[in-house]
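For reference, positions follow the sequence shown, starting with 1.
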Amino acid sequence: MGLLPSLSASLAWVLLSAVLGTELGLQESLLLKSLGLSAKPNPKTPVPVPSVLWRIFQRRKTLPSTDKDLVDGCRVEEFNVPGNIIRVFADQGHFLHEGQPQRLLCLQKRLYFNLSVLEEGEHLTMAQLEIKFSHNSYHASSQGQVFELRLYQTSQMSLRGMPSPERSRKLLVEQSFAQLHKSLLFNMSRVAKDWRTYSGLQSLCTSIDSFLDTSLLVVTLSQQQCKASRRRRSAHYPAVTPSNLCKPRRLYISFSDVGWENWIIAPQGYLANYCLGECPFPLTAELNSTNHAILQTMVHSMDPEGTPQPCCVPVRLSPISILYYDNNDNVVLRHYEDMVVDECGCR
C-alpha cells in the first residue's frame with residue numbers, strides 16, 4: 001500500500017512532463033515559423049561561413065546603440081538594395097565530361113543553385129555569382145593565350161541540374177582576361193528572379209588547376225518581417241526608480257539553453273531583457289505612460305476591485321541580426337525586428 005502514493009506521483013509527473021513537452025514543442029514551432037523556418041534546422045555537413053556574411057554581421061554587431069535606431073530593417077546598406085535576408089547558396093552542380101575541349105587547361109561545369117527555399121512572400125532584389133580560384137592571378141602565356149569564361153543559362157533542366165534531352169541555353173556572360181584575380185563577381189539579379197523552381201548555369205570554362213568553387217549570394221525582402229526605418233530618438237535616461245516600479249529587467253537568452261546551438265552560428269546568445277514592475281497612482285513621466293494608462297490608474301485608485309492597474313510592457317525594442325544554417329544547410333544572415341527590450345512603460 002505504501003507504494004501507491006509514490007506510483008501515483010510518478011505517473012502524475014510523467015503526464016505533466018508529456019503535457020509540458022507538447023506545449024514547449026508547439027511554442028518552439030510557432031517561434032520557428034515566426035523566424036521564417038518550417039522546422040528546427042539540423043545541419044549535417046555545415047559549410048564554412050562566407051566571409052561576406054561575417055563582415056556584415058560583425059559590422060551590425062558593433063554598431064553603437066545610438067545608431068541602431070537609424071538602421072533600416074528593410075534595406076541591406078552594404079549592397080544598397082532593399083532586403084532583410086541574405087543567403088549564400090553553395091554550388092551543387094557537377095563537372096561535365098562529355099564534349100570536353102581537348103585543351104588541358106579547359107573544363108566545363110554545370111552550376112546548380114536550389115532557390116526553392118525562398119519563401120512565397122520574399123521578393124528577390126539581388127543575386128551575385130562568385131567564382132573563386134586558388135591563386136591570386138592567372139597570367140597569360142607568352143603565346144598570347146588568355147583566360148576565357150562563358151556562362152550560359154539553361155532554359156530546361158531536370159531535377160538536381162541534370163541535363164534534359166532537349167535542353168537549350170542562353171549566353172549570359174562571355175569575357176576574356178589576360179590576368180584573373182582570386183575571385184570574380186557577376187550580377188545575376190535580372191535572370192535569377194526566374195530561378196525559384198530551378199537554377200541552372202552551364203558551361204563554365206576555366207583553368208583546371210586553379211578553379212575552387214562557386215556560390216550565389218541572394219538578397220531578398222520579406223515585407224512581413226521588416227519595418228520602415230526608424231527616426232533617431234533623443235537620448236532617454238530614465239530616472240532612478242524604486243525596484244518595484246515598471247522598468248526593464250535583465251534577461252540573457254542563450255541559444256544553447258534552448259537547444260539551438262547546433263544551427264545558430266552567431267550570436268551564441270543575446271541580451272533580450274523583459275518588463276516588470278507596478279504602475280501605481282499617480283503615474284509619473286518616467287514610467288512612459290499613455291493618457292489612457294493615466295486615466296486607468298485614476299479609476300483603479302477609486303475602484304481597485306473593478307478596474308485593474310495598467311500593465312508594464314515594452315514600448316521600445318531594437319533589432320538583432322542572426323547568422324544561421326537553414327533546413328538546406330545554406331548559410332543565412334537575417335535581420336529580425338523587435339528582439340531586445342530597450343524601454344518599458346505603463347499601458
Go through the steps for I322 and Y336 under the test side-chain contact (heavy atoms from CB on, under 4.5 Å), then give the verdict. CA-CA 8 Å; I322 299 179; Y336 292 103; 3.8 Å; yes
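- Remark: D257 pairs with no residue by the side chain to side chain donor-acceptor pair (under 3.5 Å) rule, at least two apart or across chains.
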Decide side-chain contact (heavy atoms from CB on, under 4.5 Å) for F89 and N114; before the verdict, give the C-alpha distance in whole Å, the side-chain angles of both, and the deciding distance to 0.1 Å. CA-CA 7 Å; F89 296 90; N114 183 7; 5.6 Å; no
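- The side chain to side chain donor-acceptor pair (under 3.5 Å) search around Q128 returns none, not counting sequence neighbours.
- The SG atom of C246 sits 12.0 Å away from the CD atom of E286 when rounded to the nearest 0.5 Å.
- Residue pairs meeting the side chain to side chain donor-acceptor pair (under 3.5 Å) criterion with at least one partner in residues 299-311, sequence neighbours excluded, are absent.
- Residues F79 and V219 form a side-chain contact, since some pair of their non-hydrogen atoms from C-beta on lies under 4.5 Å apart.
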Could you pull out every donor-acceptor pair under 3.5 Å between side chains of residues 185-193 and any protein atom, sequence neighbours left out?
{"residue": "N187", "atom": "OD1", "partner": "S189", "partner atom": "N", "Å": "2.9"}
{"residue": "N187", "atom": "OD1", "partner": "S189", "partner atom": "OG", "Å": "2.8"}
{"residue": "S189", "atom": "OG", "partner": "A127", "partner atom": "N", "Å": "3.0"}

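- Taken together through direct or relayed side-chain contacts under 4.5 Å among Ile, Leu, Val, Met, Phe, Trp and Tyr, V258 and L37 form part of one hydrophobic cluster.
- Evaluation of the side chain to side chain donor-acceptor pair (under 3.5 Å) rule for W260 yields E28 as partners, not counting sequence neighbours.
- Separating the CD1 atom in I265 from the CG atom in L323 is a distance of 4.5 Å, to the nearest 0.5 Å.
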Test side chain to side chain donor-acceptor pair (under 3.5 Å) on S256 and E261; report intermediate values, then the result. CA-CA 5 Å; S256 62; E261 72 280 3; 5.3 Å; no
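- Side-chain contact between F281 and M298 is present, with at least one heavy-atom pair separated by less than 4.5 Å.
- Taking CG of L333 as the start and CD1 of I85 as the end, the distance is 10.0 Å to the nearest 0.5 Å.
- Side chain of N84 to main chain of S222: a donor-acceptor pair is present (N/O by atom type, distance under 3.5 Å, no hydrogens or angles).
- Contact of the V173 side chain with the Q175 side chain is registered, since non-hydrogen atoms from C-beta on lie closer than 4.5 Å.
- Heavy atoms only, all atoms of each residue included: V341 and N273 are closest at O-ND2, 3.2 Å.
- Across all non-hydrogen atoms, the minimal contact from T45 to D329 is N-OD2, 3.6 Å.
- In this structure, the side-chain contact (heavy atoms from CB on, under 4.5 Å) partners of E78, at least two apart in sequence or on a different chain, are I56, R59, R60, V76.
- In this structure, the side chains of L171 and R150 come closer than 4.5 Å at one or more pairs of heavy atoms.
- L271 belongs to a hydrophobic cluster whose remaining members, ordered by chain and number, are Y252; membership requires side-chain heavy atoms of ILVMFWY residues under 4.5 Å apart, directly or through intermediates.
- A continuous path of hydrophobic side-chain contacts links V218 to L129 [ILVMFWY only; heavy atoms under 4.5 Å].
- For the side chain to side chain donor-acceptor pair (under 3.5 Å) test, no residue two or more places apart in sequence or in another chain qualifies with E120.
- Between V315 and R347 there is a side-chain heavy-atom pair separated by less than 4.5 Å.
- Salt bridge E122/R87: present, at least one basic N to carboxylate O contact under 4.0 Å.
- The main-chain N or O of N328 is found under 3.5 Å from a side-chain atom of D326 such that the two form a donor-acceptor pair.
- A single hydrophobic cluster is not seen to contain both L32 and V331; linkage of ILVMFWY side chains at heavy-atom distances under 4.5 Å, directly or through other members, places them apart.
- The shortest heavy-atom contact between L245 and L287 is CB-CD2, 4.4 Å.
- With sequence neighbours excluded, the residues forming a side-chain contact (heavy atoms from CB on, under 4.5 Å) with R55 are S51, V52, listed by chain and number.
- V49 and V332 are assigned to two separate hydrophobic clusters, defined by single-linkage of ILVMFWY side chains at heavy-atom distances under 4.5 Å.
- Side-chain atoms of F113 and D91, non-hydrogen and from C-beta on, do get closer than 4.5 Å to each other.
- Heavy-atom minimum distance, N327 versus P41: ND2-CA, 3.5 Å.
- No more than 12 heavy atoms of other residues, nucleotides or ligands shown are found within 6.0 angstrom of CD on Q268.
- Closest approach of P82 and T125 over heavy atoms only: O-OG1, 2.6 Å.
- Side chains of L149 and I131 form a contact here, defined as non-hydrogen atoms less than 4.5 Å apart.
- Partners of Y324 according to the ring-ring contact (aromatic ring centres under 6.0 Å, His included) rule, which considers only residues two or more places apart in sequence or in another chain, are W263.
- Minimum interatomic distance between F57 and P267 (heavy atoms only, all atoms of both residues): CZ-N, 3.7 Å.
- M126 and L184 are assigned to two separate hydrophobic clusters, defined by single-linkage of ILVMFWY side chains at heavy-atom distances under 4.5 Å.
- The pair R334-E119 meets the salt-bridge criterion, with a side-chain N (NZ, NE, NH1 or NH2) lying under 4.0 Å from an Asp/Glu carboxylate O.
- To the nearest 0.5 angstrom, S321 atom OG is 12.5 Å from Y270 atom OH.
- Considering only heavy atoms from C-beta on, V88 stays 4.5 Å or farther from L216 through its side chain.
- Here I86 contributes atom CD1 and T220 contributes atom OG1; the two are 9.0 Å apart, rounded to the nearest 0.5 Å.
- A disulfide bond (SG atoms under 2.5 Å apart) check over residues 318-347, counting only residues at least two apart or in different chains, returns the pairs C275-C344, C279-C346.
- To the nearest 0.5 Å, atom CD1 of residue I320 and atom CG of residue D338 are 11.5 Å apart.
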